[in-house]
Amino acid sequence: MQIFDTMTRRKTAFVPRTPGEVSMYVCGPTVYDVPHLGHGRTALTYDIIRRYLEWAGFDVTLASNVTDIDDKIVERAQREGRTEADVATEFTAAYDAQMERLGVLPPDSRPHATHFIRQMIEVISELLSMGAAYEVAGKGVYFAVDSAPRYGQLAGRTLSQLNADAGSRVDVDPDKRSPLDFALWKAARPGEPRWDTPWGEGRPGWHTECVAMSLSALGPGFDIHGGGDDLVFPHHQNEWAQVTAAGEAFARYWVHSAMVNVGSEKMAKSLGNYTQLADAIDAAGARAVRLLVLQTHYRRAMEMGQDALDAARSAVGRLDAFARRAAAAGISPQRWAAVRRPDIESGAAVGLDVEAARAFGAAMDDDFATPAALDVVFRLVRRANAALDASRDSAARDVATALHLLGVLGIKTGDAGEEAAAADGLTDVEVEALLEERATARAARDFSIADRIRDELAAGGIVVSDNPDGATWHRV
RNA sequence: GGCGGAGUGGCCGAGUGGUUAGGCAGCGGCCUGCAAAGCCGUGUACGCCGGUUCGAAUCCGGUCUCCGCCUCCA
């Protein structure tokens, strides 16, 4: 398996810290507002990687944090006259709710920054004691970037290059020894939340929390550190600097997912051009969002406009129709739900297409090439449909394999998938009754009545399909 | 200004030397009472200009345009 490592900027053979196990840490959201499409893409990217690694036979441990104390949370709380904890709680819930809709599996641990103050103080104390950090009275504690000799590598730049640019866009704080030094701890200002430390009251700087939380959850030298591309510099660079200065081992591989664009411009809250994740899911469905993410390689910027979402929704509809055919043919992918690649390779899982599974695995092994993996799946779907048309014996195997692989990517298919709006409109019993009426009319070749019933059902969101052995229906 | 990435058929989006990516939409056909679903066929795409090569979207040089990071950001 090859993974593109941001640190070295090349695809590298993936060798985990412990054979058969993968530990990953993914930087989660700062909860000061509702999640947007970008949060969705990033979360889905790592959810897909995680699911794939598990299918591939690894025992995966995923930690993903919530930053629940930060300048923006403080600002919002003060603006709205409530507590920071209140703001954080509201938007953590908002984030979790959308993650659940998207089918993003909960991480094994979801550390909150405010629960790791003690560990952060330990990290900072150590850095202070070894001279890698320094106090500035009344302002806080800063990390001295010179204590991490290869500072800048993650960003693909050298310390001197970075120094030359510093201050070109932002004024340099004169209290810092070097313009690149960053705050580990911010001294308390009136009205802000605060914690007591050996160097006075205050609150943590952003870059230390992930150090404390990732190492607490996963231990030194964990395998994968992920997050959005925009975190490479300075956030991840600064995490790395702290751990390196302390002489510890940090992430073995750095993975970064690309941004979501709107009109070919980065979508960001700071640019005010963002689409709320909830809105996109409402409009196109959670699976369309996931499919769209899968259709673009994770390291490429992607456009997530209305047209693209609509197209993805149509594709999901096709997969659902396929799953319905499968169910009608009595093929249930449930039987293979717990199957993993080693089971297929070893021949222990009978009834699946080994070659297709291999092609799928080969694609994913190449830096998680989900577009190529999807290619394998869609070709298989076509072949399976053709086999179903022809009543070929191979149909069951192809159908089961296609649905199984979709499941690996986290795409549920069939009416159980989601969104099937059962609540309003006709009940199943009513639909069945109407269909019986229609069957009678059709048998009598009274197609005007049959078509009228079909139209009525369609108006109620029920699509009817006539097949040689009777009619089937589903909700849209 | 520095560093990095990208320009592919109507749209999204893979693809690093030669065989069909895939999805969505369109068109033709099969099937169907008509549909739906499905299958088959269909598009001679690779920003521009040169070059290397028997052969380039894919390599080299040049050029134009766009985007990201350098500041909080998934």
Side-chain angles (χ1 to χ4, degrees), chain A residues 9 26-30 32-33 35-46 70-72 75 152 155-158 161-162 164-171 180 206 226-235 256-261 264-271 274 277 291-292 294-297 299-305 307-322 324-325 363 369-379 381-390 442 445-448 450-451 454-455 458 463-468 471-474:
Chain A
R9 311 212 156 213
V26 177
C27 280
T30 298
Y32 71 96
D33 203 350
H36 57 57
L37 276 175
H39 293 104
R41 182 188 191 184
T42 300
L44 283 167
T45 295
Y46 293 100
D70 148 280
D71 290 352
K72 295 207 166 161
E75 272 167 36
R157 319 186 55 201
T158 63
Q161 277 177 326
L162 285 165
D165 287 349
S168 68
R169 293 179 62 186
V170 172
D171 291 338
L180 295 169
W206 183 33
D229 225 4
D230 50 355
L231 300 184
V232 173
F233 191 91
H235 185 51
H256 292 96
S257 55
M259 299 291 99
V260 170
N261 287 169
S264 75
E265 190 182 39
K266 175 185 165 184
M267 183 181 73
K269 286 186 232 180
S270 56
L271 295 177
Y274 68 96
L277 181 54
L291 187 64
L292 199 50
L294 285 162
Q295 283 176 324
T296 307
H297 184 84
R299 283 193 283 114
R300 293 283 274 260
M302 70 181 292
E303 193 68 38
M304 271 185 123
D307 290 352
L309 283 165
D310 286 345
R313 192 179 41 162
S314 296
V316 167
R318 177 164 182 230
L319 296 174
D320 279 341
F322 175 65
R324 264 183 258 114
R325 290 192 81 181
T370 55
L374 228 36
D375 183 316
V376 170
V377 174
F378 274 103
R379 284 161 180 260
V381 167
R382 192 195 306 140
R383 195 174 81 186
N385 269 318
L388 243 21
D389 283 349
R442 288 189 75 220
R445 303 192 67 77
D446 187 340
F447 296 117
S448 63
D451 289 350
R454 187 169 61 193
D455 290 346
V463 175
V464 177
S465 301
D466 295 316
N467 303 298
T472 60
W473 63 277
H474 70 275

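Values below: every heavy atom of this structure, side chains too, minus hydrogens, waters and symmetry copies. Chain identifiers are assigned alphabetically (A, B, ...) following the order of the sequence lines, protein sequences preceding nucleic acid strands; residue numbering begins at 1 within each chain.
Remark: the separation of the P atoms in B:C30 and B:A35 is 11 Å, to the nearest Å. Going from the P atom of B:C46 to that of B:G50 covers 15 Å, rounded to whole Å. When the P atom is used for both B:G10 and B:G68, the distance is 26 Å, rounded to whole Å. Only the C1' atoms considered, B:A57 is 31 Å distant from B:C39, to the nearest whole Å. Spacing of C1' atoms, B:C59 relative to B:G17, comes out at 8 Å, to the nearest Å. With both ends at atom C1', the span from B:C40 to B:U20 equals 14 Å, rounded to whole Å. Spacing of P atoms, B:U32 relative to B:G22, comes out at 28 Å, to the nearest Å. Nucleotides B:U63 and B:C69, compared at atom C1', are 25 Å apart to the nearest Å.
For B:G33, the base has a donor-acceptor partner in the side chain of A:D451 [N/O atoms by modelled type, under 3.5 angstrom]. Looking at A:T42, its side chain comes within 3.5 Å of the base of B:A74 through a donor and an acceptor atom. For B:C34, its base sits under 3.5 Å from the side chain of A:R454 at one donor and acceptor pair at least. Interface remark: the A:K72 side chain does form a donor-acceptor pair with the B:C72 base, using a distance-only criterion of under 3.5 Å. If you check distances only, the side chain of A:D466 does reach the base of B:C34 with a donor-acceptor pair under 3.5 Å.
Here the NE2 atom belonging to A:H474 is positioned 7.5 Å from the CG atom belonging to A:D320, to the nearest 0.5 angstrom. Interatomic distance, CE of A:M267 versus CG of A:L37, reported as 4.5 Å (0.5 Å rounding). Note that the OH atom of A:Y274 and the NZ atom of A:K266 stand 14.5 Å from one another [nearest 0.5 Å]. Separation of atoms CZ (A:R325) and CG (A:N385) is listed at 4.5 Å; rounding is to 0.5 Å. A:T45 OG1 to A:M302 CE: the interatomic distance, rounded to the nearest 0.5 Å, is 8.5 Å. The distance from the CG atom of A:L277 to the NE2 atom of A:H39 is 9.0 Å, given to the nearest 0.5 Å.
Out of B:C3, B:A14, B:C34, the shortest distance to the side chain of A:R300 is found at B:A14. Set against B:G38, B:A74, B:C69, the side chain of A:N385 has B:G38 as its closest nucleotide. Among the nucleotides B:A37, B:C69, B:G33, the one closest to any side-chain atom of A:F447 is B:G33. Taking only side-chain atoms of A:F378, from C-beta outward, the nucleotide of B:G23, B:C12, B:A14 with the closest atom is B:G23. Comparing atom distances between the A:A311 side chain and each of B:G23, B:G38, B:A74 picks out B:G23 as nearest. Comparing atom distances between the A:R318 side chain and each of B:G38, B:G13, B:G68 picks out B:G38 as nearest. Proximity note for A:D375 (side chain, C-beta onward) versus B:C11, B:A74, B:A21: the nearest is B:A21. Listed candidates were B:A36, B:A21, B:A74. Nearest to the side chain of A:V463 is B:A36. Distance from the side chain of A:R379 is smallest for B:A21 among the nucleotides B:C70, B:A35, B:A21. Checking B:A14, B:A74, B:G2 against the side-chain heavy atoms of A:H39 singles out B:A74 as nearest.
Residue A:V260 is in base contact, counting any heavy-atom pair closer than 4.0 Å across all strands shown. Among the protein residues, A:G40 comes within range of no part of the nucleic acid, since none of its heavy atoms lies under 4.0 Å from any strand. A:H36 comes within 4.0 angstrom of a nucleotide base, judged by non-hydrogen atoms across all strands. Note on A:V464: a base of the nucleic acid sits closer than 4.0 angstrom, heavy atoms only. Using a 4.0 Å heavy-atom cutoff across all strands shown, A:G38 reaches at least one base atom of the nucleic acid. A:R41 comes within 4.0 angstrom of nothing in the nucleic acid, heavy atoms only.
Contact annotation: A:R382 reaches the phosphate of B:G22 (side-chain N/O to OP1 or OP2, under 4.0 Å). Proximity of A:T296 to the phosphate of B:C12: no side-chain N or O atom is located under 4.0 Å from OP1 or OP2. Side-chain nitrogen and oxygen atoms of A:K266 include at least one within less than 4.0 Å of the OP1 or OP2 phosphate oxygen of B:C69.
Under the Watson-Crick or G-U wobble criterion, with both distances below 3.5 Å, B:G26 is paired with B:U42. Across all strands shown, nothing is found opposite B:G9 as a Watson-Crick or G-U wobble partner with both distances under 3.5 Å. B:U53 is unpaired under the Watson-Crick or G-U wobble criterion, no partner having all donor-acceptor distances under 3.5 Å. Using N1 to N3 plus N6-O4 or O6-N4 for Watson-Crick, or N1-O2 and O6-N3 for G-U wobble, each under 3.5 Å, B:C3 pairs with B:G68.
Position along RNA chain B of the nearest nucleotide to A:A155 versus A:T30 favours A:A155 as the more 5'-ward residue. Positionally, the nearest nucleotide of RNA chain B for A:R9 lies more toward the 5' end than for the other of A:D310 and A:R9.
A donor-acceptor pair under 3.5 Å is absent between the side-chain atoms of A:R300 and the main chain of A:A258, judged by distance alone.
Protein atom CG of A:L388 is 11 Å distant from nucleotide atom P of B:G38, rounded to whole Å. In this structure, CE of A:M304 is placed 15 Å from C1' of B:C24, rounded to the nearest angstrom. The separation between A:D229 atom CG and B:A74 atom P is 13 Å, rounded to whole Å. Between the C1' atom of B:G38 and the CZ atom of A:R325 lies a distance of 5 Å, rounded to the nearest Å. Rounded to whole angstrom, the span from the CG atom of A:L291 across to the P atom of B:G13 amounts to 13 Å. Going from atom CG of A:L309 over to atom C1' of B:C11 covers 13 Å, rounded to whole Å. Atom CZ of A:R157 and atom C1' of B:G1 are 10 Å apart (whole Å). When the C1' atom of B:G4 is taken as reference, atom CZ of A:R299 falls 13 Å away, rounded to whole Å.
Of all non-hydrogen atoms in A:R157 and A:L162, the two that sit nearest each other are NH1-CD2, 3.4 Å. Shortest non-hydrogen contact noted between A:A155 and A:F233 is CB-CD1, 3.7 Å.
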